[in-house]
Student: 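I have a structure I would like to understand better, so I am pasting it below and will then ask my questions one at a time.
In each ligand, atom 1 is the first atom listed, and ligand 1 is the first ligand listed.
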Amino acid sequence: MNVYSTICPGCNFGCGLYIRENGKLELDFRKSSPANAGKLCRFGMSLPRFYAPVRSTVDGKETTLDEAAKEAAKRISGGSAAFLSFGNTTCEELLAFQKLAESYLCTGANFDALPKDTHQTLSVGIPYSEVETAKHIVLFIDPYEQYPLILRRLLAAKKKGAKITSVWWKKLAVADETVNPADISKLQLTKDSLVIADFHPFSDVEQVKNVLSIAKNSEARITFLKPFANSTWAYIAAKDAKQKSLAQLVEDINKGTVKTLFCLESDPSELIPQDVLGKLTNIIVQAGQAGAITNKAHVVVAHEPLYKKKGTLINNEGRAQALGGGSTNGLDALGIVAGTKLEFNSLHESVKKSLGIAAVDEFSIPKYERPAYAALQAALKPVEAKTALVSVYNPFMWFNMIDDNDFVEMSLNTSRGLKLLKGGTIKIKSNGSTIEKKFRVAPVQENVLLSCKKFGIEKGTITPVEVSR
Ligand code: SF4
């Protein structure tokens, strides 16, 4: 039986756990883990399902990792390749990958549209212990669905007397007051407030600027949670690279200037429309588990899953955590693709040097600069549609994993206005497609449908829709 001390890849919270190989994968809680004290959310508990085995293939035929990596090297040599990684792997692999991806790197985040002096604030969050001591917390997220382990910290803050305001479409049990996202000008913040938002590939940059600006004007602190295990490092390490946004990547695939897409431990099936992915001549995937994209890929370079890897992950606080595996075959595969031998130790030294640490110690957080950013002008567009479907992005959605949340939530008034029958369904129309879904009544704002599952009719996080019985 092999037991690995590892980190959950479900989001950037950095929850520690043990994975046991015992004929099948089993989980054990790691109470000493500084981020989560052993607790896991529904996604963390689903990790055995996430780690579906994957095999190396070229055009559907099974092969060895080395042969698949050699084939990947051939197919990226044409000059029209883009490289995508959201940051779901070790710092050491990401460093090597970013070198390989110099010509066209996409981390998914739209840094280009945001002022450079805000990038560090967007990349590295604050220590979770500071959440617990905040006096006033303003949530621009749904902690229950999106980043469940932050809830422990919010409850600890509440116990010490903190007031929690949520700027959300639904009344959240943890919040003392709820502000409609359309009315954020009514928010009362001070320098004792802490704003918790998130930053991800579908973030509306005007909304991000607006949240940054609210914090700046009130001198409140601000922290952004992120959806991928090593997003923090992916953003820090790529800060001087010319990163392309996801929207730019989609545009370039549509124009035909990108014909080959190399994805490192990242499944873009949830983020790039299927018809756009279908225009690529080559989809190359290097991954440690099967997913929707490995079924579509022309070349799959299958290496060990994350829990077996040797390397470092940086969580949202900026905390460096070591993975407890010993495999470097992902790095070796990248070396074959790059045509050079990659040494783990020298990459590891570079990671530590860039963090200013002598050793990876999960119980201390390296010092990060938190430069002030200049005032921002945001131009928020009001949602003009009468009814909107709001996608509440959560780990199951990012990873395209089956979840049982196959319904939408709406207010009692909205359901009454549509004369919906209890236990019945609602028809939702957008983009010329109509779907029929079950619904639940919840304390949601009028004319908003909340969904924790993607239905294939969405246009980003807020989709104007027509609804009927
Ligand atoms: S909060 Fe994030 S890191 Fe923690 S168990 Fe859930 S998905 Fe995994």
Side-chain angles (χ1 to χ4, degrees), residues 4-20 25-52 86-91 124-129 131-132 139 141-156 172 174 196-201 223-234 265-267 270 288-289 291 305-307 309 311-324 362 365 392-405 452-454:
Y4 300 88
S5 175
T6 188
I7 310 293
C8 171
C11 75
N12 193 213
F13 206 84
C15 297
L17 72 151
Y18 296 109
I19 287 193
R20 199 162 1 109
L25 293 188
E26 294 173 341
L27 307 179
D28 280 319
F29 303 105
R30 187 155 78 85
K31 292 203 173 119
S32 61
S33 175
N36 59 319
K39 308 271 190 299
L40 295 172
C41 74
R42 272 188 326 120
F43 186 88
M45 295 298 292
S46 307
L47 279 186
R49 207 150 52 81
F50 171 76
Y51 285 122
F86 302 130
N88 272 325
T89 191
T90 64
C91 298
V124 192
I126 62 166
Y128 303 144
S129 55
V131 174
E132 295 190 7
L139 298 174
I141 54 163
D142 175 346
Y144 297 91
E145 297 294 342
Q146 299 183 289
Y147 304 94
L149 264 298
I150 195 81
L151 265 172
R152 291 181 61 244
R153 311 293 181 154
L154 297 175
L155 292 171
L172 302 173
V174 74
I196 303 182
D198 72 345
F199 182 53
H200 56 70
T223 188
F224 289 89
L225 301 177
K226 291 171 274 290
F228 305 107
N230 211 1
S231 300
T232 296
W233 174 258
E265 289 277 42
S266 298
D267 189 337
E270 184 57 34
Q289 66 286 315
L306 188 74
Y307 71 86
K309 283 184 187 176
T312 319
L313 294 185
I314 311 294
N315 83 344
N316 192 66
E317 304 166 279
R319 190 186 295 277
Q321 304 191 94
L323 289 166
E362 64 177 356
I365 299 178
V392 184
Y393 267 87
N394 60 70
F396 288 94
M397 282 166 93
W398 290 120
F399 292 100
N400 214 352
M401 246 169 84
I402 293 169
D403 188 22
D404 50 10
N405 279 338
C452 293
K453 194 177 164 86
K454 207 167 167 201

Student: Distance under 4.0 Å to a non-hydrogen atom of Gly10: what atoms of ligand 1 satisfy this?
Tutor: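 Those of ligand 1 that fall under 4.0 Å from Gly10 are 7 (S).
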Student: Relative to the heavy atoms of Pro395, which atoms of ligand 1 are at a distance of less than 4.0 Å?
Tutor: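 Those atoms are 7 (S).
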Student: Do me a favour and list the nearest non-hydrogen protein atom to atom 4 (Fe) of ligand 1 with residue, atom name and distance?
Tutor: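 For atom 4 (Fe) of ligand 1, the nearest protein heavy atom comes out as Cys15 SG, 2.3 Å.
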Student: Between Thr232 and Asn315, does any side-chain donor sit less than 3.5 Å from a side-chain acceptor?
Tutor: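 There is no such pair (donor and acceptor under 3.5 Å, judged by atom type) between the side chains of Thr232 and Asn315.
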Student: Which of these, Tyr147, Tyr393, Phe86, sits in a ring-ring contact (aromatic ring centres under 6.0 Å, His included) with Trp398?
Tutor: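 When ring-ring contact (aromatic ring centres under 6.0 Å, His included) is applied between Trp398 and each of Tyr147, Tyr393, Phe86, only Tyr393 qualifies.
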Student: Atom 8 (Fe) of ligand 1 and Cys8: any N/O/S contact shorter than 2.8 Å?
Tutor: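 So Cys8 does bind atom 8 (Fe) of ligand 1 by this criterion.
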Student: With a cut-off of 4.0 Å, which atoms of ligand 1 are near a heavy atom of Leu149?
Tutor: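 The atoms of ligand 1 under 4.0 Å from a heavy atom of Leu149 are 1 (S).
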Student: Indicate yes or no: does Asp404 engage Arg42 in a salt bridge with an N to O separation below 4.0 Å.
Tutor: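 Salt bridge between Asp404 and Arg42, a charged N being under 4.0 Å from a carboxylate O: yes.
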Student: Tell me if a side-chain donor or acceptor on Arg319 pairs with a main-chain N or O of Glu362 at a distance below 3.5 Å.
Tutor: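 A pair under 3.5 Å: yes.
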Student: Using 2.8 Å as the threshold, say whether any N, O or S atom from Cys41 sits that close to atom 2 (Fe) of ligand 1.
Tutor: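 No - counting backbone and side chain alike, Cys41 has no N, O or S atom under 2.8 Å.
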Student: What's the shortest heavy-atom distance between Pro9 and Ala229, and which atoms?
Tutor: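 Shortest heavy-atom contact: CA-CB, 3.7 Å.
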Student: For atom 2 (Fe) of ligand 1, find the nearest protein heavy atom and state the residue, atom name and distance (0.1 Å precision).
Tutor: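 Sorting protein heavy atoms by distance from atom 2 (Fe) of ligand 1 puts Cys11 SG, 2.4 Å first.
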Student: Using 4.0 Å as the upper bound for N to carboxylate O, is an ion pair formed by Lys453 and Asp403?
Tutor: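 No, this pair does not count.
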